[in-house]
Number of protein chains: 2
Amino acid sequence: MTDAAALRPDTRAADAVVRELEARIASGALPDGAHLPPERDLIDTYGVSRTVVREAVARLASRGLVESRPRHRPVVRRPGVDAALAAAGGVVGHLLRESGGVKNLYDTRILLEGALVRHAALQARKADVAALARALAENEAAIPDSDRFYATDVAFHAVLYEIPRNPILPAVHKAFTAWLAEHWRKMPRSPERNRVNFLRHRDILLAIQDRDPDAAEAALASHLNAAWEYVRGTFEGP
Amino acid sequence: MTDAAALRPDTRAADAVVRELEARIASGALPDGAHLPPERDLIDTYGVSRTVVREAVARLASRGLVESRPRHRPVVRRPGVDAALAAAGGVVGHLLRESGGVKNLYDTRILLEGALVRHAALQARKADVAALARALAENEAAIPDSDRFYATDVAFHAVLYEIPRNPILPAVHKAFTAWLAEHWRKMPRSPERNRVNFLRHRDILLAIQDRDPDAAEAALASHLNAAWEYVRGTFEGP
DNA sequence: CATCGCCTTTGGTATGACCAAACCTACCTT
DNA sequence: AAGGTAGGTTTGGTCATACCAAAGGCGATG
């Protein structure tokens, strides 16, 4: 049965199994949430050794197609945008340790989020503005509690990523916050500081309500740049 | 995200080896380009079985920290932004097959690239404008040859991603073009069509030279949206 | 009916063996 | 001496088997 692999220059038998399982997942034969057959079943299904099966499953797991917890059956996960970014996450962790890595990632975020607020200012529907207002209200209510404030802060920005209704964007936001969270936790927090950030958020919302993309972008840039100044000392010099 | 599993302690011996090797790579003890010690050496270095060593190496490979060709010694690759996006690439391939996947990715590109041309209009240095002009000239020269035109087209856009001097952005561009290339190849090409695209590129450059971000963004959006209309029929209906 | 404990299943690891490709070295040819 | 070549050695890929420990199912028990 391994002869199927012999046709391709695939010297690795595991790749053949990966493709088989990939196809079974894509075709729905292995629906999302189901768990993979036991390794010992796959052995005689594909006529390969357990070594190969295990390597194949490991590859699927690393690509986010299955989720394998230590002593459990791997669970099929139809690939989502999250999975793609989670796959990238491993390397990103290293990149952030390199000099300037955090800054580069943060700058990228500013660039993208700037475009988002412009988009919001031009395209946001009533419901979007309402969602922003709601998030802002919760943000204000959380000013005394720094932990809760951080959560509502993230939530406010998250709304911006949802407005274009492109599923890639919320996933990118989740990835950004996850990757940067470690550093942001070190940032000194206080109700006064929270209030400043809340006011910036309010400025952004007001500019969006005014349908003024330039003002919205400016408010956002000033907000994010200020936050950067506040945490930069955590990793690098001047 | 899926890091919920990260809460649990590593019951896997392989993960320990992964961390060891990761550290050796990050510390430079295993410099970029060097190859990993033979599996049989790692066995007694870490006192584990070959099974574990092999699984560990496979994990490193899937994270892009080492590059393992079938019958060769794995080569250490210090992680770069490319590696991160390459890791995501496997899943993205599946996403693009889903309905609307290509559109979502392309919209994200438009959003980001719109921000880039705005940035360019406001911040581009003389050298950047010169690079754009050079890329544009090559683009024009390639109008009769559709293959070469495609290459110079990509190169022109690439310059936009280089202007902010943030290494993440060129990598993102490479990823975008790689992921979308498959579909773009199906687009009908012709010198007339090439000329239209060249003119759009020229509009973008002119707007940047005029330091007019709104015009630059408008030109880019119109350019990319037109391209989309041209290829949409390839995957989905109206 | 809920609970507890045993037994089976199943993933994680360890050995040891074999093959084929890649690598290296020493020898031979020119 | 330079170049190429044959043979042995290294090394990754695969297989088979065995054992362990945790997870899950099943039945006995209170």
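All chains are named by letter (A, B, ...) in the order of the sequence lines, taking the proteins before the strands, and each is independently numbered beginning at 1. Below, all heavy atoms of this structure are taken into account, side chains as well, without hydrogens, waters or symmetry copies.
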Original post:
B/H35 has an atom NE2; how far is it from atom P of C/dA22, in whole Å?
Top reply: 15 Å
Original post:
Which whole-number value in Å describes the distance from A/D41 CG to C/dT9 P?
Top reply: 11 Å
Original post:
Between atom CD in B/E67 and atom P in D/dG12, what is the gap in whole Å?
Top reply: 16 Å
**OP:** Could you work out which one of D/dG12, C/dT10, C/dA14 sits closest to the side chain of B/P74?
**Re:** D/dG12
**OP:** Measure from the side-chain heavy atoms of B/R40 and tell me the nearest of D/dT14, D/dG13, D/dC19.
**Re:** D/dG13
Original post:
Roughly, in whole Å, what's the span from CG in B/L42 to C1' in C/dA14?
Top reply: 16 Å
**OP:** Decide whether A/E22 and B/H94 meet the rule of one side-chain donor and one side-chain acceptor closer than 3.5 Å.
**Re:** yes
Original post:
Please give, in whole Å, the distance from D/dC15 P to A/E39 CD?
Top reply: 14 Å
Subject >> Integer-rounded Å distance: C/dC24 C1' and B/R71 CZ >> reply: 17 Å
Original post:
Atom OH of A/Y46 to atom P of D/dT14: distance rounded to whole Å?
Top reply: 16 Å
Original post:
For the residue pair A/W184 and A/Y106, is the inter-centroid distance of their aromatic rings smaller than 6.0 Å?
Top reply: yes
**OP:** Rounded to the nearest 0.5 Å, what's the gap from CZ on B/R148 to CG on B/N139? Could you check?
**Re:** 10.0 Å
**OP:** Report yes if a side-chain nitrogen or oxygen of B/R54 is closer than 4.0 Å to either non-bridging phosphate oxygen (OP1 or OP2) of D/dG13; otherwise report no.
**Re:** yes
**OP:** Measure the distance from CG on A/D44 to P on D/dA16 and round it to the nearest whole Å.
**Re:** 11 Å
**OP:** Give the nucleotide from the list D/dT11, C/dG11, D/dT14 with an atom nearest to the side chain of A/V52.
**Re:** D/dT14
Original post:
Taking for each residue the nucleotide of DNA chain C bearing the nearest heavy atom, is the 5' side occupied by B/H72 or by B/A14?
Top reply: B/A14
Original post:
So does B/R73 get a side-chain nitrogen or oxygen closer than 4.0 Å to the phosphate oxygens (OP1/OP2) of C/dA22?
Top reply: no
Subject >> Distance in Å, B/H173 NE2 paired with B/E162 CD, rounded so as to fall on 0.5 Å steps >> reply: 9.0 Å
Original post:
Is the base of D/dT14 touched by the side chain of B/R50 through a donor-acceptor pair closer than 3.5 angstrom?
Top reply: yes
Subject >> Check: B/T51 side chain, C/dA14 base, donor-acceptor under 3.5 Å >> reply: yes
Subject >> Ring centre gap for B/H72 and B/H35 strictly below 6.0 Å >> reply: no
